[in-house]
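See below for the structure under consideration.
Since the model is a prediction, treat every value here as computed from it, not as a measurement.
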Amino acid sequence: DDAIPDGVGGLDGDETVLVVEGHEELRDVLVQRITDRGYTALEAGCGEDALAIARDWNEPLHLIITDLTLPDLPGEDLVSRLRATRPDVPVLYLVGQRHDRGHGSAPIGSTLNKPFRIGALLKCKRTLLASTREPRPGDAQTSPGPLTEH
């Protein structure tokens, strides 16, 4: 918690996060860590599943965490399609080493390079969520710093 930017708050929360990751083991760990912190986690192993989940989820969706390299479509395409119905949801892209070595550049926005520590993911997630919610009484009036983790 000490390295979290001012005005962001702790790592715990009650928001809903859509986790889209093709590697089941990593997805399971991410979902477990997110739910351990009080968040609701929706999970999908591919882009089409994520689109169906987002379509059927009638509650607010606060954050999308997606791998750039999904089994059925690029993470950027998934986000473009999700933004048609949920235009203001922030996105944290998970960038694998294969993507960095000649598969194009990472999208503009918040990225987290694999491998990463769960703490780094939680800090990025918390910073993104804090930057998009309405200020609450007692919040510091500072803006979050850059989110890219290397």
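- Rounding to the nearest 0.5 Å gives a distance of 7.5 Å between OG1 of T111 and CG of L92.
- Remark: of the listed residues L63, V19, T16, V19 is the sole one forming a side chain to side chain contact (heavy atoms under 4.5 Å, CB included) with I34.
- Checked by atom type, the side-chain pair Q32/D28 shows no donor-acceptor distance below 3.5 Å.
- Listed by first and then second residue, the salt bridge (Lys or Arg N to Asp or Glu O under 4.0 Å) pairs involving residues 54-69 are D67-K114 (not counting sequence neighbours).
- Separation of atoms CG (L68) and CG (D77) is listed at 10.5 Å; rounding is to 0.5 Å.
- Taking all atoms of both residues into account, the shortest heavy-atom contact from C124 to L112 is SG-CD1, 4.1 Å.
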side-chain contact (heavy atoms from CB on, under 4.5 Å) assessment of Y93 paired with V79: CA-CA 10 Å; Y93 292 98; V79 170; 3.5 Å; yes

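- When all heavy atoms of L73 and G47 are compared, the pair lying nearest together is CD2-CA, 3.3 Å.
- The distance from atom CZ of R37 to atom CG of D14, rounded to the nearest 0.5 Å, is 14.0 Å.
- To the nearest 0.5 Å, atom CD of residue E21 and atom OG1 of residue T66 are 8.0 Å apart.
- Between D72 and E48, the shortest heavy-atom contact is OD2-N, 2.9 Å.
- One distance of note links CG of L94 with CG of N113; it measures 9.5 Å at 0.5 Å rounding.
- Between the side chain of H62 and the main chain of V17, no donor-acceptor pair closer than 3.5 Å is present.
- Using a 4.5 Å heavy-atom threshold, the side chains of L82 and V91 count as separate.
- V89 and L61 get closest at one heavy-atom pair: CG2-O, 3.3 Å.
- Checking side-chain atoms of R86 against main-chain N and O of A54 turns up a donor-acceptor pair under 3.5 Å.
- Closest heavy-atom contact between C46 and V20: O-CG1, 3.8 Å.
- H23 and E25 form no side-chain donor-acceptor contact under 3.5 Å, judged by distance and modelled atom types alone.
- Contact between S110 and L128 at its shortest, heavy atoms only, is OG-CD2, 3.4 Å.
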